[in-house]
Amino acid sequence: MTFATACKSLLVGLVSFSALSACNPSGSSSGEGVVNVYTARHYASDDALYEAFTEHTGIEVNVIEAPGDLLIERVRADGDRSQADVVITVDAGRLWRADEAGLFQPAPELEGVLANVPANLRQPDGDWFGFSKRVRVIAYAKDRVDPSEISSFEDLTDPQWRGRICVRSSNNVYNQSLLAAMVAQDGAEAAEAWARGIVENMARPPQGGDTDQIRAVAARECDVAIINHYYLARFMRSENPGDHEIGEEIGVIFADLGDGGAHVNVSGAGLAANAPNRENAIEFLEFLLSDDSQRIFAELTNEYPVIPSAAYDNDVLDAFGDFSSDDVNVDELGANAGEAQRIFDRVGWP
Amino acid sequence: MIAGRAQFNPVRPALVAALICAAPLLAVAALGVFGPWTDYMAHIARTRLPAYLGHTAMVTGVAAVSAGLIGVPLAWLVARYRFFARSVFEWLLALPLAAPAYASAYGWYDLTQPGGPADLLPTVRGPIGAGLIFGFALYPYVYLLAREAFAGQSADAYEAARTLGARPRSAFLRAAIPMARPAIAAGLALVVMESLADYGAVVHLGAPTLSVGLIRAWAGEGAIADAARLALILVMIAFVLFALERSQRQRARQTSASGRRRPPRRVDLDPVRGAVAALFCLSPVLIGLVIPLGRLTYLAFHAPMARDLFQAASHSLTLAILSGLAAAAIGLFCAYALRSKKPVAVAAARLAGLGYAVPGSVAALGVLVLLGGLQSGLDDAWTRLTGVQFPLLLSGGVLALIFAYQSRFAAAAIGPSESALQRVTPTLDMAARTLGAGPGETAWRVHRPMVMSGSLLAALLVFVEVLKELPATMILRPFNYDTLAVIANNYASDERLGEAALPALLITLVALPPMIWIARRITRQEDAK
């Protein structure tokens with residue numbers, strides 16, 4: 001067989017494949033009462049959220065859950081035929097990248113509600129915004145660490161912490177955003193010096209997730225750990241007696257980032273550039289910032305609401321107390337993520 | 001009927017099948033070749049590359065050695081001896097394959113980490129820990145392929161060796177293993193490629209490999225073209241491994257002179273040895289499946305379950321069955337492409353198989369890029385012809401997913417088919433042709449009965465792989481279409497191991513009936529020969 005006939009056969013195969021594929025019932029991905037949500041979140045609270053939205057508006061929510069990077073490539077590859085109305089990710093860096101690729105459109109209708117979101121938690125042009133906050137904090141063993149010794153992340157580079165710090169790998173996006181915020185605030189050099197100091201003080205090579213760092217502190221493998229606040233909240237609210245006890249033994253410090261407050265990352269959302277159901281999407285985005293939704297985030301996933309006035313009932317978050325946040329704009333986390341990752345590579349933080 | 005089939009030439013469909021499977025990998029290659037260059041490659045060459053390479057070599061090496069040392073003796077035992085519960089072990093030994101490697105990694109790490117219930121054991125971590133996790137999770141590839149080879153192998157060589165005074169062990173090493181080498185090598189190749197492609201387990205256990213460097217290019221810097229280039233490096237590693245393996249195999253080529261095979265008879269083991277054999281068979285199942293999933297299940301007692309697992313299970317089954325059937329056909333076609341020795345056909349089939357060494361998310365990216373390009377091309381043409389846009393390719397159906405699976409798991413489909421087709425010696429073909437059969441009739445009446453067990457195995461491997469597959473499933477599925485693997489991963493990646501246990505267990509339960517059925521089919525077929 002010649003190469004030409006091979007190509008011809010391939011073409012026939014592809015066309016028949018696509019024809020077959022096109023014959024599939026297309027479901028209801030557009031129409032009156034639908035909104036298509038592409039999301040990197042996958043919590044039980046999200047199901048509650050979608051149900052509440054449908055109940056409230058009569059609009060059905062279609063969901064595709066996948067990692068943020070793949071979601072972005074899917075929307076990009078689908079181009080003007082994309083079915084996505086709303087894109088949601090669990091960190092600001094991905095939203096920044098989607099925005100750079102032109103995958104969002106401005107939503108002037110949202111200006112009113114967005115005014116309630118602190119300015120540093122939304123993209124300056126309003127292309128996307130954070131709707132729930134996750135804080136990178138320092139967990140410590142109450143019996144071995146005096147919390148007054150640590151007020152900022154910089155304190156952890158002090159030689160007194162040598163061999164006492166647990167932290168997960170730098171593949172983790174929350175670590176990347178933490179360092180990106182440092183780059184934005186204090187410059188790359190200071191950020192690199194900090195990362196190098198942490199590597200010197202690590203109790204063990206990075207392994208496991210944030211939950212495992214908490215367990216390591218409880219097991220006296222290390223004395224402090226860098227984690228997201230809601231992982232500790234889960235221990236404290238756990239019905240498993242062993243886990244609950246761990247939650248009791250470990251305290252939390254909302255450490256400052258340089259001269260600013262604690263490092264805040266967001267789950268965020270934006271209106272897709274080619275949204276086929278634009279009006280429904282706007283309603284959905286508004287709903288994310290409603291009091292109902294904000295309470296769902298705080299009560300079911302222990303995230304902090306972005307709307308300061310939103311009320312919720314969560315003892316653990318109350319026990320964590322008030323804290324001040326850094327004022328680095330979430331947009332800068334994405335812009336500096338690449339630099340942050342290279343710093344991790346240079347200082348040998350695997 | 002025969003006249004119609006006589007016109008059929010397997011090479012052409014073989015080439016089409018191979019090219020379709022290779023297309024997403026070609027899309028990735030195109031991204032790498034035509035995409036913009038950044039200095040990411042230079043950056044990691046200066047910083048992390050030695051560590052990535054070291055970990056990659058260590059992880060894949062430990063995985064291959066342990067999978068071989070577990071899989072080959074097990075296959076020999078089960079194929080050639082009779083002992084307590086042998087027929088149960090026959091399929092039970094394949095079951096760890098149904099547990100996603102990351103689930104096993106999470107379970108073992110949680111057990112052995114400081115403060116865990118088994119912290120007297122060394123913590124399962126680092127490149128050796130990751131390699132062992134892969135070895136115990138993936139040895140069924142070696143076991144299944146080698147068992148099929150041992151059982152199908154004529155007893156002549158082994159018995160000749162025994163007659164010439166070789167003890168059983170040395171006859172096994174010097175006569176049986178060399179004859180099963182294509183199958184063992186195909187199994188090991190799958191183990192190595194899947195370990196190369198893994199991301200979740202190596203990150204969790206702190207043994208970042210080249211895959212991690214690749215994902216960082218994409219996730220951390222948005223440098224997709226550089227990620228594609230690193231993927232091509234993984235493909236090249238796989239290619240070199242294959243080339244080495246094949247050059248070895250060619251030297252060891254043997255065919256049975258008579259073309260008639262005398263199937264071996266199973267030897268009875270005395271009760272003591274039988275008990276030892278049974279224990280030996282039990283331990284990898286415990287280590288690869290029961291203990292890690294048991295740990296997750298224990299954690300599940302304190303965890304609520306939200307999603308509809310029944311529906312997810314039916315979705316998983318639908319996808320896995322359809323893909324398994326398609327893969328059996330495609331694997332066979334690709335095996336014919338390889339057998340045809342036509343350079344284009346061979347290249348296409350080899351390329352189709354190499355995609356397995358690429359992390360799943362990159363393979364999924366290839367499918368996205370390919371379908372996106374196809375859609376916009378079709379839209380243009382269709383608009384010109386009819387004035388409306390072409391219907392959406394990715395619009396609620398599962399066909400795109402089936403396609404993605406075929407390209408992703410082509411290696412798992414080709415390996416067993418190829419090694420089965422190798423048992424069909426050229427002399428058999430010549431005999432059939434001399435007796436007046438066309439190529440199609442030869443394939444149907446001579447090859448089919450001989451490769452049937454290989455095809456079943458291909459279907460089974462792809463079935464199980466599809467049950468576990470993640471990135472493509474996540475991004476290409478229709479709206480609101482959960483599978484068990486997606487739910488398990490959603491919870492595990494959110495560090496809710498307890499909630500991940502039930503869907504992960506269900507995956508193994510769903511995989512069980514076809515494993516038993518196919519094990520029985522293969523056994524029956526052997527007994528009938």
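Convention: sequence-line order gives letters A, B, ...; per-chain numbering from 1.
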Part of B:His204 within contact of chain A (heavy atom distance under 4.5 Å): both
Checking heavy atoms, do the side chain of B:Ile224, its backbone, both or neither come under 4.5 Å from chain A? side chain
To the nearest 0.5 Å, tell me how far B:Ile475 CD1 sits from A:Arg74 CZ. 6.0 Å
At a heavy-atom separation under 4.5 Å, does A:Arg41 approach chain B through its side chain, its backbone, both, or neither? neither
For B:Pro114, which atoms come within 4.5 Å of any heavy atom of chain A: side chain, backbone, both, or neither? both
May I have the step-by-step check of side chain to side chain contact (heavy atoms under 4.5 Å, CB included) for B:Thr123 and A:Gln207, ending in yes or no? CA-CA 11 Å; B:Thr123 304; A:Gln207 53 195 278; 4.1 Å; yes
Examine whether an atom of B:Tyr52 lies under 4.5 Å from a heavy atom of chain A, and if so say whether it belongs to the side chain, the backbone or both; otherwise answer neither. side chain
Most chain B-contacting option - heavy-atom pairs closer than 4.5 Å, from A:Glu339, A:His42, A:Glu221: A:His42
Checking B:Leu392 against A:Arg81 for the side chain to side chain contact (heavy atoms under 4.5 Å, CB included) test, could you report, in this order, the C-alpha distance in whole Å, the side-chain angles of both residues, the deciding distance, and whether it holds? CA-CA 8 Å; B:Leu392 284 173; A:Arg81 299 298 301 277; 3.6 Å; yes
For A:Pro350, is it the side chain, the backbone, both, or neither that has a heavy atom closer than 4.5 Å to a heavy atom of chain B? both
Which atom names give the shortest non-hydrogen contact between A:Val63 and B:Asn480, and what distance separates them? N-OD1, 2.6 Å
Under 4.5 Å from any heavy atom of chain B, what part of A:Arg220 do you find: side chain, backbone, both or neither? neither
Quick one: which of A:Asp210, A:Asp80, A:Leu71 has the most heavy-atom pairs under 4.5 Å with chain B, could you say? A:Asp210
Toward chain B, the part of A:Ala218 with a non-hydrogen atom under 4.5 Å: neither
Any side-chain donor near an acceptor of the partner, B:Asn490 and A:Glu65, under 3.5 Å: yes
Quick one: of B:Gly372, B:Gly222, B:Gly220, who has the most non-hydrogen atom pairs under 4.5 Å with chain A? B:Gly220
In terms of heavy-atom pairs under 4.5 Å with chain A, which of B:Asp379, B:Asp119, B:Leu497, B:Leu205 leads? B:Asp379
Test item: A:Arg97 side-chain N/O and B:Ala219 main-chain N/O as donor-acceptor pair under 3.5 Å: yes
Atom group of B:Asp110 that falls short of 4.5 Å from chain A, counting heavy atoms: side chain
Of all of A:Glu100, A:Arg346, A:Gln176, which one pairs up most often with chain B through heavy atoms under 4.5 Å apart? A:Arg346
Region of A:Glu73 in contact with chain B, defined by heavy-atom distances below 4.5 Å: both
Roughly how far, to the nearest 0.5 Å, is the CG atom of A:Leu70 from the OG atom of B:Ser361? 6.0 Å
Is there a side-chain contact between B:Val212 and A:Asn171 in this structure, where contact means two heavy atoms from C-beta onward sitting under 4.5 Å apart? yes
Below 4.5 Å from any heavy atom of chain B, which atoms of A:Thr211 appear? Answer side chain, backbone, both or neither. both
Step-by-step side-chain hydrogen bond (donor to acceptor under 3.5 Å, both in side chains) determination, B:Arg216 to A:Ser170: CA-CA 10 Å; B:Arg216 281 169 80 102; A:Ser170 67; 2.8 Å; yes
Region of A:Val90 in contact with chain B, defined by heavy-atom distances below 4.5 Å: neither
Any pair with a residue in residues 485-495 of chain B that passes salt bridge (charged side-chain N to carboxylate O under 4.0 Å, His left out), sequence neighbours left out, goes on the list, sorted by first then second residue, please. A:Arg168-B:Glu495, A:Arg234-B:Asp494, B:Asp494-B:Arg496
Which of A:Ser82, A:Gly208, A:Gly242, A:Ala216 touches chain B most, by non-hydrogen pairs under 4.5 Å: A:Gly208
What distance separates A:Asp78 CG from B:Gln375 CD, expressed to the nearest 0.5 Å? 7.5 Å
Contacting region of A:Asp243 [heavy-atom separation from chain B under 4.5 Å]: neither
Shortest non-hydrogen contact from A:Gly348 toward B:Arg48: CA-NH1, 4.3 Å
Between the side chains of B:Asp39 and A:Arg342, is the shortest nitrogen-to-carboxylate-oxygen separation below 4.0 Å, so that they form an ion pair? yes
Nearest heavy atoms of B:Met474 and A:Pro67, plus distance in Å: SD-CD, 3.6 Å
Closer than 4.0 angstrom, basic N to acidic O: yes or no for B:Arg46 and A:Asp345? no
Chain A heavy atoms under 4.5 Å from B:Ala217: which part of the residue, side chain, backbone, both or neither? backbone
Measure B:Leu476 against the heavy atoms of chain A and call it side chain, backbone, both or neither at under 4.5 Å. backbone
Give, as side chain, backbone, both or neither, the part of B:Thr473 having an atom under 4.5 angstrom from any heavy atom of chain A. neither
What residue, out of A:Ala101, A:Ala340, A:Ala180, A:Pro205, has the most heavy-atom pairs lying under 4.5 Å from chain B? A:Pro205
Are side-chain heavy atoms of B:Phe479 and A:Tyr38 found at a separation under 4.5 Å? yes
Distance, nearest 0.5 Å, that separates CG of B:Leu365 from CG of A:Asp69: 10.0 Å
Under 6.0 Å from the CD1 atom of B:Ile128, do we count more than 12 heavy atoms belonging to anything else shown? no
